[in-house]
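When a ligand or atom number is given, it counts from 1 through the structure's own listing order.
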Amino acid sequence: MHDRPPPLPASLRNHYQWLLARSDAPPSRLLDIGAGQGRLLSLAGEAVRERLVGIDPKRPGERADSRIARVIGDGQRLPFAGNSFDFVVETETLEWVRDPVSLLREAARVCSPDGLVVTDDTDWDTLVFAAGDAKLGRRILRAFCDSGPNGWIGRMAPSLMRRAGLRAIEVHVRVIAEQEFKPGALSFWQVQVIDEWLRAKALVTTQELNDWRADLHQAADCGDYLFSANRYVCVGRPA
Ligand SMILES: C[S@@+](CC[C@H](N)C(=O)[O-])C[C@H]1O[C@@H](n2cnc3c(N)ncnc32)[C@H](O)[C@@H]1O
């Protein structure tokens, strides 16, 4: 049996639909670098006509549908010839790679001259959680942003694109907001990423992390919860 990727939270589904609509027509050949569980690919599969490929160093834990080719590999050294795709996208991946400019150069190389390279990254330093303990929340977010993958990746993305030689760069800042804190929500997942990272690094105590989660749950139970995050979307063209 082939498991499908987990369902997209509504907040992300709307965002991805907007992202995929950046090209004038539905792309024929799409590459997702750092495809992860393949959630963008599954959504794109409803529109992409010819070739749908995801690359990630990690083997996907599940099998997506048969329209999607999954390649195990490094986005900094793409195993594709030039002009192989007309829409090359990464979401939430730039901050995890050693050399994001190389990844973007590679994205430009495999993209057709009239195609688009699109980046989509959360600027972690813009996360907002409405919950009871502001001081604790601030401390945890700051610890993550200052030690984590790259808390400022969103705001850095346009200059990384420029350095990679992309041109005609459009920058969009989109705010994703949620009012629910429960499994399946984007913010629930973001909290998990932050929690795991800080636990592994022992940068805040286990008690503080538990208190933070309890605080978020309590705010959600009272209907007071709000999450927002700035996603920086850059759209560039290969030179
Ligand atoms: C936070 S996940 C994002 C997954 C997916 N794009 C999403 O938005 O749900 C980051 C992904 O980047 C992948 N990754 C890390 N280093 C990479 C590299 N050098 N090249 C391509 N992907 C990489 C990870 O394996 C992981 O799947």
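Taking the six-membered ring where tryptophan is involved, the planes of Trp18 and His172 are perpendicular, since the angle between them exceeds 60° and thus also 30°. Ring-plane geometry between Phe129 and Trp212 is classed as perpendicular, the angle between the planes exceeding 60 degrees on a 0 to 90 degree scale with a lower cut at 30.
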Worked verdict on Phe80 versus Ile55 for side-chain contact (heavy atoms from CB on, under 4.5 Å): CA-CA 11 Å; Phe80 308 110; Ile55 184 164; 4.2 Å; yes
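Given atom 2 (S) of ligand 1, the protein heavy atom at minimum distance is Glu92 O, 3.8 Å. In terms of protein heavy-atom proximity, atom 20 (N) of ligand 1 is closest to Gly75 N, 2.8 Å. Nearest to atom 5 (C) of ligand 1 among the protein's heavy atoms is Gly34 O, 3.4 Å. What sits closest to atom 11 (C) of ligand 1 on the protein, heavy atoms only, is Thr93 OG1, 3.7 Å. Scanning all protein heavy atoms for the shortest distance to atom 26 (C) of ligand 1 gives Asp56 OD2, 3.5 Å. Nearest protein neighbour of atom 14 (N) of ligand 1, counting heavy atoms only, is Pro57 CD, 3.7 Å. The protein heavy atom nearest to atom 9 (O) of ligand 1 is Arg39 NH2, 3.8 Å.
Contacts between Asp74 and ligand 1, counted as non-hydrogen atom pairs separated by less than 4.0 Å, involve both the backbone and the side chain. At a 4.0 Å heavy-atom cut-off, ligand 1 does not touch Gln37 at all.
Atoms of ligand 1 found under 4.0 Å from any heavy atom of Val97, numbered from 1 in the order shown, are 16 (N), 17 (C), 18 (C), 19 (N). Remark: ligand 1 atoms within the under-4.0 Å shell around heavy atoms of Thr91 are 3 (C), 5 (C), 6 (N), 7 (C), 8 (O). Listed by number with element, the atoms of ligand 1 under 4.0 Å from a non-hydrogen atom of Gln76 are 19 (N). In summary, the atoms of ligand 1 found under 4.0 Å from a heavy atom of Gly36, numbered by their order in the structure, are 4 (C), 27 (O).
Applying the side chain to side chain contact (heavy atoms under 4.5 Å, CB included) test between Val110 and each of Val117, Leu78, Ile33, Val53 identifies Leu78 as the sole match. A ring-ring contact (aromatic ring centres under 6.0 Å, His included) with Phe181 is found for one member of Phe227, Trp189, Phe188 and no other, namely Phe188.
Rounded to the nearest 0.5 angstrom, Leu160 CG and Thr119 OG1 are separated by 8.5 Å.
Of the N and O atoms on the side chains of Thr122 and Tyr232, not one donor lies less than 3.5 Å from an acceptor on the other residue. Side chain to side chain, Arg29 and Asn83 meet the donor-acceptor criterion of an N or O pair below 3.5 Å. Counting only N and O atoms by type, the side chains of Gln190 and Trp124 include no donor and acceptor under 3.5 Å apart.
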